[in-house]
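Numbering starts at 1 and runs along the sequence shown. Scope of the values below: all heavy atoms of this structure, side chains included, with no hydrogens, waters or symmetry mates.
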Amino acid sequence: MTITAGAPPTYNTPANLALGFLTGGVIGASLTAFISGCVVEKASLIVLGLVLPAAYGLLFFPCTLPRRAREAAVVPRTALAVIESLEAVGGETSDVPVRFDLSVAPDDAPAFRVEIRQDVNLVELPDYRPRGVVVVEYPPDRPWKTRIVKRPTPQWEERAAVAQVDSVPGPAMKSETPGGCFNALLTLLGLLLGAAAVLLLFRADLFDSHEGDSGAPKPSVSSSSSTTTVTSATGTVTLGPGQSMLDEGELRKAVESLTQGGDKRQALTVVVQGRLLTVVFSPIGVKTAGFDPRSLPYERVSALVEEARTTLGVDSPRSWQLTADGVTGSLTLRVVVTGDGGTGTLEADGQGKVLRRSGS
């Protein structure tokens with residue numbers, strides 16, 4: 001039986017390319033919105049990441065219903081086909097994907113050549129061989145969707161056993177979209193553009209979110225030469241190079257910068273060392289012994305440090321540290337001086353009066 005080859009049917013790809021691009025955009029935008037919303041804790045972004053693909057699916061499905069209905073209404077056509085070649089393309093299960101090159105010869109339509117991929121059970125694989133005749137089905141308007149009928153009716157099985165089908169010249173149509181590579185590139189481009197669109201539209205929420213987080217500690221630069229940091233437990237002030245907490249008015253100004261705004265919290269410990277001031281505050285809502293850090297005898301601090309450096313017998317004093325402690329109930333000042341070969345300690349009361357000295 002000789003069949004005359006006809007022109008292979010063609011099918012449009014612009015719609016598929018546009019759909020791939022749109023799908024990539026939705027995927028990129030929804031994933032970026034959801035992940036970004038989780039990172040910066042923005043409920044609006046998380047909701048957008050969940051709603052966007054759902055809305056796209058609800059919109060896409062009704063739009064494709066007419067096409068699906070038309071395709072379902074098409075009665076598939078049965079025909080004989082000869083296997084030009086076949087190749088197993090992988091698989092580790094009992095069903096192996098096989099690429100078939102077929103010449104299809106319908107009874108009342110032009111013959112055509114098509115390349116398809118279909119799973120074949122390992123047990124049935126020997127039944128398919130080059131130049132073997134098989135029964136196939138395909139939609140008349142979409143011949144590239146040809147499928148081999150594994151269990152044909154007795155009539156078609158008998159015809160396949162005795163028929164001879166000639167090869168159809170020319171390139172074979174493929175069941176995959178010819179522009180598959182370009183479609184993948186468009187999908188990737190849509191994904192990137194969707195992600196970029198979310199980052200651009202919500203850049204204020206994404207990149208400025210931490211600036212408005214009132215629960216996080218915020219360092220603030222009080223001047224070009226000092227830095228103040230306040231948290232719920234501690235406060236620190238660091239002076240710039242060339243400055244010292246012993247300079248006139250610096251210690252008082254530093255303490256006031258940590259207790260401004262009417263903050264009346266008690267302090268457990270105040271530590272002064274060179275250019276650094278650290279205040280450990282009493283826990284909020286917990287009644288513990290402490291003192292008002294603003295009650296320190298500022299006018300005596302510099303003199304106490306100088307006395308400790310010169311009267312405790314410490315050779316070449318290199319560093320000093322003043323600690324104000326109110327945990328015991330009464331304010332105690334302790335100045336520790338460290339130098340070559342030893343350490344000296346001077347203790348004073350809350351008024352700056354020296355109580356004892358010790359050296360090593």
Side-chain angles (χ1 to χ4, degrees), residues 217-223 225-261 263-314 316-340 342-360:
K218 305 180 186 62
S220 60
V221 179
S222 59
S223 69
S225 58
S226 64
T227 302
T228 302
T229 303
V230 182
T231 70
S232 60
T234 63
T236 62
V237 176
T238 305
L239 299 179
Q243 295 180 291
S244 172
M245 287 294 175
L246 297 181
D247 294 342
E248 185 176 359
E250 288 294 347
L251 180 58
R252 183 189 299 271
K253 183 170 63 175
V255 171
E256 290 178 351
S257 69
L258 298 178
T259 56
Q260 61 185 352
D263 193 342
K264 302 298 184 181
R265 284 186 298 169
Q266 298 288 92
L268 296 177
T269 306
V270 173
V271 180
V272 185
Q273 184 178 13
R275 298 185 294 117
L276 177 66
L277 165 69
T278 302
V279 179
V280 179
F281 294 108
S282 300
I284 298 176
V286 178
K287 293 183 178 180
T288 58
F291 64 95
D292 186 349
R294 291 169 294 187
S295 65
L296 291 173
Y298 300 107
E299 67 284 352
R300 288 285 297 153
V301 170
S302 180
L304 289 174
V305 172
E306 182 63 25
E307 185 174 348
R309 297 178 64 180
T310 57
T311 65
L312 299 180
V314 178
S316 302
R318 295 189 306 271
S319 63
W320 62 271
Q321 176 177 297
L322 182 144
T323 302
D325 190 344
V327 177
T328 59
S330 60
L331 179 60
T332 302
L333 305 181
R334 182 179 296 104
V335 181
V336 178
V337 178
T338 303
D340 295 339
T343 300
T345 303
L346 181 148
E347 292 187 9
D349 59 17
Q351 304 301 318
K353 181 180 178 181
V354 177
L355 300 177
R356 63 184 61 88
R357 301 179 181 87
S358 62
S360 60

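Rounding to the nearest 0.5 angstrom, the gap separating the CZ atom in R334 from the OG1 atom in T269 is 10.0 Å. Atom-to-atom distance recorded for D325:CG and T332:OG1 is 6.5 Å, nearest 0.5 angstrom. Rounding to the nearest 0.5 Å gives a distance of 9.5 Å between CE of M245 and NZ of K253. In this structure, the separation between CG on L304 and NZ on K353 is 13.0 Å, given to the nearest 0.5 Å. For the atom pair L333 CG and E347 CD, the distance stands at 9.5 Å (nearest 0.5 Å). Rounded to the nearest 0.5 Å, atoms OG (S319) and CZ (R309) are 9.0 Å apart.
The two residues V270 and P293 have their closest heavy-atom pair at CG2-CB, 4.2 Å. Across all non-hydrogen atoms, the minimal contact from V314 to G342 is CG1-O, 3.8 Å. Here the shortest heavy-atom pairing between A254 and V237 reads O-CG2, 3.7 Å. Scanning all heavy atoms of the two residues, the minimum distance from V255 to Y298 falls at CG1-OH, 3.4 Å. Scanning all heavy atoms of the two residues, the minimum distance from E250 to Q243 falls at OE2-NE2, 3.7 Å.
When the options L258, L268, T236 are evaluated for a side-chain contact (heavy atoms from CB on, under 4.5 Å) with V279, the one that passes is L258. Checked against V335 for a side-chain contact (heavy atoms from CB on, under 4.5 Å), the options V301, L312, L322, V272 give a single hit: L322.
R300 meets the side chain to side chain donor-acceptor pair (under 3.5 Å) test with no other residue; sequence neighbours excluded. Take D292 and apply the side chain to side chain donor-acceptor pair (under 3.5 Å) test, not counting sequence neighbours, and it matches R294.
Side-chain contact check for L331 versus L296: some heavy-atom pair is nearer than 4.5 Å. Taking the side chain as every heavy atom from C-beta outward, V336 and T323 never approach each other to under 4.5 Å.
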TODO: Could you please spell out the steps behind the side-chain contact (heavy atoms from CB on, under 4.5 Å) verdict for S302 and V305?
DONE: CA-CA 5 Å; S302 180; V305 172; 6.0 Å; no
